[in-house]
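Both ligands and their constituent atoms are indexed starting at 1 by order of listing.
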Amino acid sequence: MPATEETEQEVIIAVMGVTGTGKSYFIREVSGISDVEVSSKLHSCTAEVKPYSFPYAGAKITLVDTPGFNDTVKSDAAVLRDICTWMSSNYRKGKLLSGIIYLHRITDVRMDGSSVKYVKMFQKLCGPDALKNVLLTTTRWSDVTQEQGESREGDLQGGDFWGGLITEGAAVARFMGTRESGLELLDKLMGNEPKPLDIQDQMAEKNMAMAETEVGKFMNGELDSLQKKYSKALKDLKKQHQKAIKQKDDLFEGILAEERAQTRRKLEEAAAQKKLLENLRVNILRELEEAENKREEERQRRDRAVIAVSTKDVSIGAHLTSLFTSYSTIGRLIYDIDDTTEFEKKPFEVEIRDQSNLLSPITVLVKTGQEVFSAGMSRSNYIIYNQGYYQCKPNRYIERGSRGFVIFSKY
Ligand SMILES: Nc1nc2c(ncn2[C@@H]2O[C@H](COP(=O)(O)OP(=O)(O)OP(=O)(O)O)[C@@H](O)[C@H]2O)c(=O)[nH]1
Ligand SMILES: [Mg+2]
């Protein structure tokens, strides 16, 4: 491997926020990994913490997608559990975050109790030191007028919402929906000194159970308040319901019965979340981290597969005219490049893209004995496949049988 690859710095940035704020959209636009799953409907989309890597400005950038709080399927306690597990397991591997981009829709008119709660939770998760590496970032500027946006941005920075985080060092930023705008945010974070979050210190260094951590205590308190609120509402609803039954008011009676059932479900859900948090004792957290490590190993195993593109399938003309663009050809997914039978696999369509500037080094590849594959395939060429970024590494030309292949490996 060339020295530049060995010394390449990895910059890890987590993207967080409540559901639907555009975390996956941000990662898709900025990384160029076009198949990052973005939700198309109202329900929540990202179910697990997942890193996406790509090269930028001489560094390996890893953007970590996270499930959002206030998810339509997963409870807040389960989202917190999954984020904390990932954070703790990566801390143990010496992987610290250079920054966190916390997204918030500028279109949100109200900063209601629950959004305030999530901001506080985020604050507890980070702690004062890591907050200095946080960008509180608004999204969806295309859906508001400049005036509306600026006025709301001002409100957000007020006391109850982002005020406390800003005092502790978090900065405010905007994501305008484009790659360029996203890269500007990365530029701001790339030079940061990576710092551990409070949750990483508490879980991985101090071996605390979830209920003992700052964020765990905070969430528990919030769930206590919810339980109180729903219990009181249930009592009131019961009285009203009984009254409606007595008065033989069938319509109102039906509505109240439904409302009671719904409130009871919410009360049970709050109790279930409290139980979940309480059960996250040290040994259980370790088991979850082990499971996360296994998932990571499995991802790495899959990532060892490469995409081989036969030089015969590359039109030199198409390649030379494709600077800054892309062209379609076919490739094969190969798990073991020494196994020649793998090269007989059915090919699938791939798009060779180029992010070169004309100054990038051009590697000349030998096609067969005397022929020169002069299309200038280089590390600026890449393929996006299965939510991954596959880069053409220099000197990755191999011959199998009578054919020559250019190899693209997972970045
Ligand atoms: N116009 C516009 N739409 C956006 C922007 N960001 C996100 N969206 C849209 O908002 C919806 C939700 O975006 P996602 O990226 O899936 O949101 P998320 O934060 O990842 O949501 P979860 O995975 O559920 O936590 C999608 O339909 C996106 O296309 C933006 O900056 N501008
Ligand atoms: Mg998402």
Check your understanding: Side chains of T21 and T139: donor-acceptor distance under 3.5 Å anywhere?
Key ->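 No, no side-chain donor-acceptor contact under 3.5 Å.
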Review point. Would you say the side chains of Q200 and S88 form a donor-acceptor pair under 3.5 Å?
Key: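 No - no donor-acceptor pair under 3.5 Å links their side chains.
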Practice item. Anything with a heavy atom under 4.0 Å from ligand 1 counts, so go ahead and list those protein residues by chain and number. Key: T19, G20, T21, G22, K23, S24, Y25, V38, S39, S44, C45, T46, G68, R140, S142
Practice item. Using side chain to side chain contact (heavy atoms under 4.5 Å, CB included) as the criterion, point out the one residue from L165, D198, I199, I100 that pairs with C126. Key: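 For C126, the side chain to side chain contact (heavy atoms under 4.5 Å, CB included) check succeeds only for I100.
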Review point. Under 3.5 Å, side chain of N386 to main-chain N/O of G388, donor-acceptor pair present?
Key: no
Review point. Do side-chain atoms of R332 reach the backbone of K345 as a donor and acceptor pair under 3.5 angstrom?
Key: yes
Exercise for review: Output all residues satisfying ring pair (Phe, Tyr, Trp, His ring centres under 6.0 Å) with F348, sequence neighbours left out; order by chain, then residue number.
Suggested key: Y385
Exercise for review: Check the surroundings of atom NZ in K275: do more than 12 heavy atoms from other residues, nucleotides or ligands lie under 6.0 Å from it?
Suggested key: no
Practice item. Provide the protein N, O or S atoms situated under 2.8 Å from the Mg ion (ligand 2); waters are not included. Key: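 Counting only protein N, O or S atoms under 2.8 Å from the Mg ion (ligand 2), the list reads S24 OG, T46 OG1.
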Exercise for review: Validate the cation-pi geometry between K410 and Y389: distance from NZ or CZ to the six-membered ring centre under 6.0 Å, angle to the ring axis within 45°.
Suggested key: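 No - K410 does not lie over the ring of Y389 by the 6.0 Å and 45° rule.
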Review point. With sequence neighbours excluded, what pairs up with D160 under the salt bridge (charged side-chain N to carboxylate O under 4.0 Å, His left out) test?
Key: none
